[in-house]
Each structure stands twice: as C-alpha cells, then as structure tokens.
Amino acid sequence: MAYWLMKSEPDVYSIDDLQRDQTELWDGVRNYQARNFLTSMALGDLAFFYHSNTKPPGIVGLMKIVETNVVDPTQFDPASPYYDPKSPPEQPRWRTVVVGYGETFDTIITLDQLKATFTPEDLWVVRRGNRLSVMPVAEAVAQRLLAMAHQGH
DNA sequence: GCCAACGTTGGC
DNA sequence: GCCAACGTTGGC
C-alpha cells in the first residue's frame with residue numbers, strides 16, 4: 001500500500017466537504033506529472049489531504065483511494081473550468097481517482113511544522129516553489145506524519 | 001495583493 | 001527544437 005499527498009484549496013473543496021460527501025471524484029487535475037501519479041494509485045492507498053492557499057496551509061486529514069483509473073468527466077464539459085477541448089473522447093487525456101473520507105486530524109499539521117520536520121527531499125510539499133498537486137509520500141515519512149497527527153505533534 | 005516559481009503555448 | 005511570453009499556483 002502506498003501513501004500520497006493531495007492538495008485542494010479549502011475554498012474550493014475542503015476536508016469538511018469530503019466528510020459530508022464521504023466520497024468524491026478528484027477532478028480538475030491538469031498537470032501531467034500529477035496525472036501520472038493519480039493513474040498509478042491503487043485501491044486502498046492512503047492520501048494525506050493538504051489544504052493549500054489558505055491560512056495556515058497544511059495537512060488536515062487522511063483519505064483512502066476507493067476507485068482507480070476514472071475518466072475525469074470535466075474534461076468533456078464545456079461549462080467546466082477544467083474543460084479540455086483537445087482531449088480525444090476515444091482516448092481521454094485526464095484520468096483520476098475517487099477518494100473516500102478517512103479522518104480529520106485533531107489539529108492541522110501546518111506547513112511551518114512540515115518544514116521544520118522534513119527535508120524537501122523527504123516531503124515534496126516543502127520544496128520551494130512546489131506547485132505539484134499530487135505527490136507520493138514515502139512509507140517512513142507517512143508513518144511520522146501519522147504519529148504527528150495522532151499525538152498532537 | 002504581490003510576486004517567485006514554473007509549466008505551457010506558440011512563433012520562428 | 002528553442003525560448004520568450006504568458007498564465008497559474010500558492011506562500012507570504
């Protein structure tokens with residue numbers, strides 16, 4: 001089983017929204033590196049939910065991957081901000097996953113705390129200028145994150 | 001709101 | 001295939 005980190009702006013979709021919905025199709029990713037990580041996810045993988053572009057940014061909870069290799073329907077929807085007219089319907093360009101709600105951590109693990117704990121090599125989200133919205137998290141790093149989440153840092 | 005980082009686009 | 005221009009992300 002692998003671990004991942006997935007970003008969302010809470011104004012757009014937050015962990016509270018996911019708790020309410022329980023499952024959600026993770027649409028709108030339009031970056032090939034992130035897409036490739038999405039398509040390499042497996043059922044039962046776990047993903048840390050990261051709130052970006054908010055105060056403070058950080059990891060707020062955990063999700064599980066409940067469906068893999070799902071065609072992102074927004075690429076074919078002209079009304080969607082994620083519409084991609086160049087995506088061939090017979091061979092959709094953008095695939096993603098369905099995530100399930102796991103848990104909300106008692107306290108957010110802030111980006112400041114992540115920077116103080118991990119190197120940019122260990123946790124890509126602390127890399128300067130990092131814009132990738134889906135990234136792998138190594139097992140050992142994931143275990144440390146879970147320990148931080150469950151013992152209040 | 002600013003702006004650095006950086007991926008994408010398109011002219012050549 | 002290069003690279004300048006442009007748009008977006010996301011921390012601050």
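These figures come from a predicted structure and were not determined experimentally. A, B, ... follow the sequence lines: proteins, then strands. Residue 1 opens every chain.
A close approach under 4.0 Å does occur between a side-chain nitrogen or oxygen of A:R128 and OP1 or OP2 of B:dA5. OP1 or OP2 of C:dG11 lies within a sub-4.0 Å distance of a side-chain N or O belonging to A:Y50.
Donor-acceptor pairing under 3.5 Å is lacking for the side chains of A:T110 and A:D112.
Note: CG (A:N53) to P (B:dC3) measures 17 Å, nearest angstrom. Atom CG of A:N130 and atom C1' of C:dG10 are 9 Å apart (whole Å). As rounded to whole Å, 20 Å separates atom C1' of C:dG11 from atom CH2 of A:W124. We find that CD1 of A:I108 is positioned 13 Å from C1' of C:dG11, with the value rounded to whole Å. The distance between atom NE2 of A:H51 and atom C1' of C:dG11, rounded to the nearest whole Å, is 16 Å. Here the P atom of nucleotide C:dT8 and the CG atom of A:L132 are 18 Å apart, to the nearest Å. Rounding to whole angstrom units, NZ of residue A:K55 and C1' of C:dC12 are separated by 7 Å. C:dT9 atom P lies 16 Å from atom CD of A:Q33, rounded to whole Å.
Under the 4.5 Å side-chain heavy-atom criterion for ILVMFWY residues, a single connected hydrophobic cluster contains both A:L5 and A:W124. Note on A:L25 and A:F76: separate hydrophobic clusters, where clusters join Ile, Leu, Val, Met, Phe, Trp and Tyr whose side-chain heavy atoms are under 4.5 Å apart, directly or indirectly.
Ranked by how close their nearest DNA chain B nucleotide is to the 5' end, A:R131 and A:K86 are led by A:R131.
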Result block: side-chain N/O donor-acceptor pairs under 3.5 angstrom for residues 35-48 of chain A, not counting sequence neighbours:
from: A:R35; atom 1: NH1; to: A:R93; atom 2: O; distance (Å): 2.7
from: A:N36; atom 1: ND2; to: A:Y32; atom 2: O; distance (Å): 3.3
from: A:T39; atom 1: OG1; to: A:R35; atom 2: O; distance (Å): 3.2
from: A:T39; atom 1: OG1; to: A:N36; atom 2: O; distance (Å): 3.1
from: A:S40; atom 1: OG; to: A:N36; atom 2: O; distance (Å): 3.3
from: A:S40; atom 1: OG; to: A:F37; atom 2: O; distance (Å): 2.9
from: A:D45; atom 1: OD1; to: A:A2; atom 2: N; distance (Å): 3.0
from: A:D45; atom 1: OD2; to: A:W4; atom 2: NE1; distance (Å): 2.9
from: A:D45; atom 1: OD2; to: A:A42; atom 2: N; distance (Å): 3.0

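Across all strands, A:K7 comes closer than 4.0 Å only to sugar-phosphate atoms, never to a base (heavy-atom distances).
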